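Below is one structure, written out as structure tokens, with a few remarks after it.
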There are 2 protein chains.
Amino acid sequence: MQDTKEKIVALADQLIRTKGYNAFSYKDISDPLEIKNAAIHYHFPTKTDLGIAVVDFETERFKEHTAKWSGMPEDKQLKQLFETFNRKHKEGLVCLMGTLSPDYKTFPEPLQEKVTEMSTAFADWTSQCLENGRKKGFFAFDGDAYDRALLVLSNLLASLLMSRVMGPKTYGKISAQLYKDLLKKN
Amino acid sequence: MQDTKEKIVALADQLIRTKGYNAFSYKDISDPLEIKNAAIHYHFPTKTDLGIAVVDFETERFKEHTAKWSGMPEDKQLKQLFETFNRKHKEGLVCLMGTLSPDYKTFPEPLQEKVTEMSTAFADWTSQCLENGRKKGFFAFDGDAYDRALLVLSNLLASLLMSRVMGPKTYGKISAQLYKDLLKKN
DNA sequence: TTGCTTACTTACTTACAAGTAAGTAATTTT
DNA sequence: AAAATTACTTACTTGTAAGTAAGTAAGCAA
């Protein structure tokens, strides 16, 4: 019955993305899964443990995805990243980095570390992709590739957040212009 | 004693920016101000009322600031916007839009509306500033000015959030590159 | 078949959050 | 001078959060 444990992580992931870490409770998980709150504590003794599991799972998933894309040309790889965010947007969800960073200071250290680790993984991969893609002529942009990666990620992250508040079209407007900018030759 | 009311709003603002809306409590305000939690309820019957006051105050402050800048050339006006975010970064704070958007779905409608109103005010002003600034040759960018405004705001918003998680240098890297991009002539 | 582990439930505890009703002291209005 | 208003405090209530101790049913292991 590893099934329950996986379902808890999946639901917690969704709850963190919709309500935020500090606003979801064990009851939000135990009710739909028709288990008792103590069953969650059995698998994840503290809420921090559950948070860590969610973040770790996301980091793993990201690494698996990027590994699969590694044979593609860089413009296609970046397109895949955009598609990942696109899918989240269609589900009405935001990215973990976007929802966890405002609450970061309320987290115990072990969870903070995991969030930083996840974010670093995103930035490192994007930086490499942009760097290599520029060398091969797929992308055109000024400045350091790492700085540009931070810009790209910040746009993707915030476009999901802003879509919530300013309407769903916001996401498309930001991501479309962002992608055009990177391909543009000066 | 309008003083207490103002102090409550100012502290709530700071708490929302550091811990997030759902993580701060009336005790976080009543303790440092040395008043009872009922005193907060006297001024703001519900937490929603307090949230609305914080957002309204920020919207007003933004409109006052931009009104003061209205005589400047557009590149200086935009610089002022960047400076505003810069100051928040130095204080270790994030912007209201950044901290409130992940929790948006947990808000009652009246607060949601205020957050949307504030965000729209930001976007409208930035859009106008970019539009006029491009016409006068201060800025160079492709596409619609409103779309570009969303990009700029998303970068500023997210750079404050990401700085928390990835270190304080993140903010400077993003904002510097962003500003350069806008001034750049092709 | 006895014992150990897994995956829970039952039934709590402790803490703290938001919110309220009733009272009060000081000031302002009439 | 009396009445009302302002800005609170005292002392609650209600609800819910995270977490735990003890029990149990099912499966497997020796």
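All values derive from a computational prediction rather than experimental measurement. Labels below follow one simple rule: chain letters A, B, ... track the order of the sequence lines, proteins then strands, and each chain is numbered from 1. Because only heavy atoms are used, hydrogens play no part in the values below, and waters and symmetry mates are left out as well, while side chains stay in.
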Whole angstroms only, please: what is the [atom1]-[atom2] distance between [X] and [N]?
{"X": "A/Tyr26", "N": "C/dT14", "atom1": "OH", "atom2": "P", "result": "20 Å"}
{"X": "A/Ile40", "N": "D/dG19", "atom1": "CD1", "atom2": "C1'", "result": "12 Å"}
{"X": "A/Leu50", "N": "D/dA17", "atom1": "CG", "atom2": "P", "result": "14 Å"}
{"X": "B/His41", "N": "D/dA7", "atom1": "NE2", "atom2": "P", "result": "18 Å"}
{"X": "B/Asn37", "N": "D/dT13", "atom1": "CG", "atom2": "C1'", "result": "12 Å"}
{"X": "B/Ile8", "N": "D/dA7", "atom1": "CD1", "atom2": "P", "result": "11 Å"}
{"X": "A/Ile29", "N": "C/dC8", "atom1": "CD1", "atom2": "P", "result": "14 Å"}
{"X": "A/Asp3", "N": "C/dT6", "atom1": "CG", "atom2": "P", "result": "18 Å"}

What nucleotide among [options] has an atom nearest to a side-chain atom of [X]?
{"X": "A/Ala38", "options": "D/dC8, D/dA21, D/dA11", "answer": "D/dA21"}
{"X": "A/His43", "options": "C/dA18, C/dT9, C/dC8", "answer": "C/dC8"}
{"X": "A/Tyr42", "options": "C/dT6, D/dT6, D/dA18", "answer": "C/dT6"}
{"X": "A/Lys47", "options": "D/dA18, C/dA17, D/dT9", "answer": "D/dA18"}
{"X": "A/Lys36", "options": "C/dT10, D/dG19, C/dG19", "answer": "C/dT10"}

A/Asp13 side-chain N/O to A/Val9 backbone N/O, donor-acceptor pair under 3.5 Å: no
Less than 4.5 Å apart, side chain to side chain, heavy atoms only: is that true for [X] and [Y]?
{"X": "B/Leu150", "Y": "A/Met162", "value": "yes"}
{"X": "B/Leu161", "Y": "A/Leu161", "value": "yes"}
{"X": "A/Ile174", "Y": "A/Lys169", "value": "no"}
{"X": "A/Leu178", "Y": "A/Phe82", "value": "yes"}

Does OP1 or OP2 of C/dA7 have a side-chain N or O of A/Thr4 closer than 4.0 Å? no
Closer than 4.0 Å, any side-chain N/O of A/Ser25 to the OP1 or OP2 of D/dT16? no
Under 4.0 Å, heavy atoms only, any strand: does A/Phe24 hit a base, just the sugar-phosphate, or nothing? sugar-phosphate
How do A/Lys27 and B/Glu34 order along DNA chain D: which one's closest nucleotide is nearer the 5' end? B/Glu34
